[in-house]
Amino acid sequence: MHSTNPGAPDIKNLLFALLLATVVMMAWQYFYEAPREAQRKQAQQETLAAKKEQEVAKKAELAAVETTTAVTGPRISIESDRLHGSIALTGARIDTLTLAKYRETMDEGSPEVALLKPSNDEQAYFIETGVLADAGVRVPDANSQWKANRDTLTPTTPVTLSWNNGAGLTFEKIISLDQRYMFTINTQVKNSTGAPVKLYPYGLISRNYEDVSQHTYIMHEGPLGVANGVLNDVTYKDLREDGATKFDNATGWIGMTDKYWLTALIPSNDLTFDAQFKHSKRRGSDAYQVDLRGNAIEVAAGETTGFDMRLFAGAKEVKLLDKYRTEYDIPLFDRAVDFGVLYFLTKPIFLALNYFHGLVGNFGVAILLLTVCIKLLLFPLASKSYTSMSQMKLLVPQMTELKERYADDKMKMNQAVMELYKKEGVN
C-alpha cells in the first residue's frame, strides 16, 4: 500500500518547526531582550550626569579645535538636518563635516561622527575641486582666497564663491546642498581676455589614514570608483605595496569608502576624465588620494563657460544611494555598499530584511519573517523533495531485494533500480 500523500507528515513538521521558532523568538524578545534593553537605558541615564560634568572640558577641547581650523582662514558654515561643517575660503575646500544623524557611540550626548577634517589635522580628510591650466595662465589653487556672497550654506541657500586672477579671468563656484548628503558645485569661468583659454576641471579627495583593519572578502574599505561601467576597488594595502592605480578616458565617479561612510566625486556624464588612486606620505603619516582631471574645456574670448561636479559626503544608506543613482544617472552608485559577488541575491535579501525591520522594529523577528518568506518561496521545490524522499523510503524493501538478487552484477542492479524509480514515479 502506498500513501496518497507521503510528504504530508514532513510538511506538517516543517510548519510546526516554523511556528515553534516564532514562539521561541518572541519569548526571547519578551523575557530576555526587553529587560536587557531596559537595563541599558537605565545605565545610559546614570552616565548622562557624568557626561554633563565633562561638558566644560569638552567645550575647552572644541575651542582648541576651532583655533586649529581657524589657521585655514575665513569659513562658510554648512548647516542642514544631516550635515554640520564648513568650507574654507582659502582654497575653497570642503574640509570640516560631521554627520548630524549619527553619533560616535550609542549615548545621546556622544559627539556627531566626524567625516571630514582640515589638512592641518592629524586625521586630515578633505575634498577639493577646481581647474588646471596650461603654463602662463593663473588659476585658483589651494592657497587662493575666495570671496563669498553669504556666511552659511543650507539646503535652501546656495553660496557663490568668486575669485579673479587679475589678468582677465573671473571664476565663480555656486555651491548648493540638498536635504541629505549631495553637494553640487557649478563652476563658471568668464574670459575677458582677448584669446581663448583651455582649462581642465579637476577634483580630489585626500585623507590621512592609519589602515589597521583586517581585510576580508566580505567588505571593501578604501578607494573605489566606476570607470566606463566597471566597478574598481583597491585596498589601502595594495596602494602602499603596488603603487598607483590609473584610469584613462573614463566616465563615471571615484571616491573613498569606509564601513558606513562614503565620499565621492561625481562629474557630469558628458565629462571624460583621467583618474588615479595613490598613496604618499604627509608629515610622516600614510596619506591616500583619489583624483580626476577632465578633458580640456575651451573658454572663448569674451565668453563664459561652466561645468558641474557633484560631491557625496555622508552615510551609505542603500535607498538613498539607489535614489541618487536614478536621479542623477550615476552608474553603479549603489555598489558603494559592498554586497559581494552575489549582489543579485544579497541586495534583495537586505532590502526585504530592512522592510520587515521597518514593520516590526526588531531584527530578530525580521530575520524570522524573512526566513518564513524564503521557505514559502522555495516550498514547491521542498515539497517535491519531501515527496520523493518519502517515496524512496517506501521503496527500501524492493531496493533491498534487488541488491540481493543482483549482488554479483552491479550494472544490472543499477538498471533494475532505475526501472523501479521510473515505474513508481520517483525523481
Side-chain angles (χ1 to χ4, degrees), residues 75-88 92-104 110-118 123-129 152-159 161 173-187 203-207 209 219-226 231 233 252-269 290-292 308-339 347 350-351 354:
R75 289 182 167 271
I76 300 298
S77 297
I78 299 172
E79 294 291 340
S80 75
D81 290 340
R82 292 180 177 245
L83 294 175
H84 296 144
S86 64
I87 303 171
R93 286 176 172 174
I94 302 177
D95 62 359
T96 305
L97 205 62
T98 62
L99 307 182
K101 297 293 184 182
Y102 298 92
R103 305 283 173 171
E104 291 184 0
S110 177
E112 297 174 0
V113 168
L115 184 61
L116 301 182
K117 296 182 179 180
Q123 296 178 320
Y125 192 180
F126 56 87
I127 303 174
E128 178 181 316
T129 64
T152 304
L153 169 65
T154 73
T156 58
T157 57
V159 169
L161 308 183
K173 289 186 178 185
I174 304 170
I175 305 175
S176 58
L177 172 65
D178 69 5
Q179 296 289 344
R180 294 174 177 82
Y181 304 119
M182 188 70 79
F183 296 83
T184 299
I185 300 181
N186 174 255
T187 301
L204 65 87
I205 301 173
S206 180
R207 75 183 302 188
Y209 186 68
M219 181 185 64
H220 171 70
E221 291 187 62
L224 82 167
V226 171
L231 178 67
D233 50 39
W253 57 274
I254 59 174
M256 287 192 185
T257 181
D258 294 329
K259 186 175 183 180
Y260 303 114
W261 328 119
L262 171 71
T263 55
L265 291 166
I266 309 160
S268 56
N269 290 328
V290 299
D291 56 58
L292 61 85
D308 289 334
M309 183 89 70
R310 289 191 172 88
L311 315 176
F312 179 93
K316 297 194 295 186
E317 300 170 5
V318 175
K319 288 186 177 180
L320 180 60
L321 297 181
D322 282 336
K323 175 181 178 296
Y324 284 140
R325 180 196 62 189
T326 303
E327 181 177 353
Y328 299 124
D329 192 22
I330 307 173
L332 303 180
F333 198 51
D334 59 317
R335 298 295 292 275
V337 176
D338 190 355
F339 285 101
K347 184 177 179 181
F350 167 80
L351 293 175
N354 206 40

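Taking the side chain as every heavy atom from C-beta outward, Ile78 and Phe183 approach each other to under 4.5 Å. Using a 4.5 Å heavy-atom cutoff, the side chains of Ile266 and Tyr328 are not in contact. The side-chain heavy atoms of Thr187 and Lys173, taken from C-beta on, include a pair separated by under 4.5 Å.
Other residues, nucleotides and ligands contribute at most 12 non-hydrogen atoms within 6.0 Å of the CG atom of Asp81. More than 12 heavy atoms of other residues, nucleotides or ligands lie within 6.0 Å of CZ in Phe350, so this atom counts as buried by the packing criterion. No more than 12 heavy atoms of other residues, nucleotides or ligands sit less than 6.0 Å from atom CD of Gln123.
Distance CD1/Ile127 to CG/Leu311: 5.5 Å, rounded to 0.5 Å. Going from atom CG of Leu265 over to atom CZ of Phe312 covers 12.5 Å, rounded to the nearest 0.5 Å. Atom CG of Asn186 is separated from atom CG of Asp308 by 4.5 Å, given to the nearest 0.5 angstrom. Once rounded to the nearest 0.5 Å, the distance linking CG of Leu161 with CD1 of Ile76 reads 6.5 Å. For the atom pair CG of Leu83 and CZ of Arg180, the computed distance is 11.5 Å after rounding to the nearest 0.5 Å. Going from atom CG of Asp291 over to atom CD1 of Ile205 covers 10.0 Å, rounded to the nearest 0.5 Å.
Nearest heavy-atom pair, Leu115 versus Tyr125, reported as atom, atom and distance to 0.1 Å: O-CD1, 2.9 Å. Met309 and Gly203 make their closest contact through CE-N, 4.3 Å (heavy atoms, listed as atom of the first residue, atom of the second, distance). Nearest approach of Val290 to Pro223, heavy atoms of both residues: CG1-CB, 3.7 Å. Of all heavy-atom pairs between Ala336 and Trp253, the closest is CB-CH2, 4.2 Å. For the pair Pro118 and Thr96, the tightest heavy-atom approach, listed with the atom from each and the gap, is CG-OG1, 3.8 Å. In terms of heavy atoms, Ala315 sits closest to Tyr102 at CB-CE1, 3.5 Å.
With 3.5 Å as the limit, one finds no donor-acceptor pair spanning the side chains of Tyr209 and Asp258. With 3.5 Å as the limit, one finds a donor-acceptor pair spanning the side chains of Thr154 and Thr156.
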Practice item. In sequence, state the C-alpha distance, the side-chain angles, and the governing distance for Arg75 and Asp95, and then conclude on salt bridge (charged side-chain N to carboxylate O under 4.0 Å, His left out). Key: CA-CA 10 Å; Arg75 289 182 167 271; Asp95 62 359; 2.7 Å; yes

Practice item. Would you sort out whether Val318 and Asp322 count as a side-chain contact (heavy atoms from CB on, under 4.5 Å), showing the intermediate values? Key: CA-CA 6 Å; Val318 175; Asp322 282 336; 3.8 Å; yes

Exercise for review: Apply the test side-chain contact (heavy atoms from CB on, under 4.5 Å) to residues Leu116 and Thr263: give CA-CA distance (whole Å), side-chain angles for both, the deciding distance (0.1 Å), then the verdict.
Suggested key: CA-CA 9 Å; Leu116 301 182; Thr263 55; 4.1 Å; yes

Check your understanding: After noting the C-alpha distance and the side-chain angles of Ile330 and Met182, does the key distance pass the side-chain contact (heavy atoms from CB on, under 4.5 Å) rule?
Key -> CA-CA 12 Å; Ile330 307 173; Met182 188 70 79; 4.1 Å; yes

**Study point:** Verdict with reasoning, Arg310 to Thr184, per side-chain contact (heavy atoms from CB on, under 4.5 Å)
**Key:** CA-CA 4 Å; Arg310 289 191 172 88; Thr184 299; 3.6 Å; yes

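Using a 4.0 Å cut-off between a side-chain N of Lys or Arg and a carboxylate O of Asp or Glu, Asp338 and Lys316 do not qualify as a salt bridge. A salt bridge does not link Glu317 to Lys101: none of the charged nitrogens lies less than 4.0 Å from a carboxylate oxygen.
Judged by distance alone, the side chain of Arg103 and the main-chain N or O of Ser110 form a donor-acceptor pair under 3.5 Å.
Seen from the ring of Phe333, Arg325 does not count as a face-on cation partner, given the 6.0 Å and 45° thresholds.
Here the rule is salt bridge (charged side-chain N to carboxylate O under 4.0 Å, His left out) with Asp334, and of Lys319, Lys347, Lys323 only Lys347 fits it.
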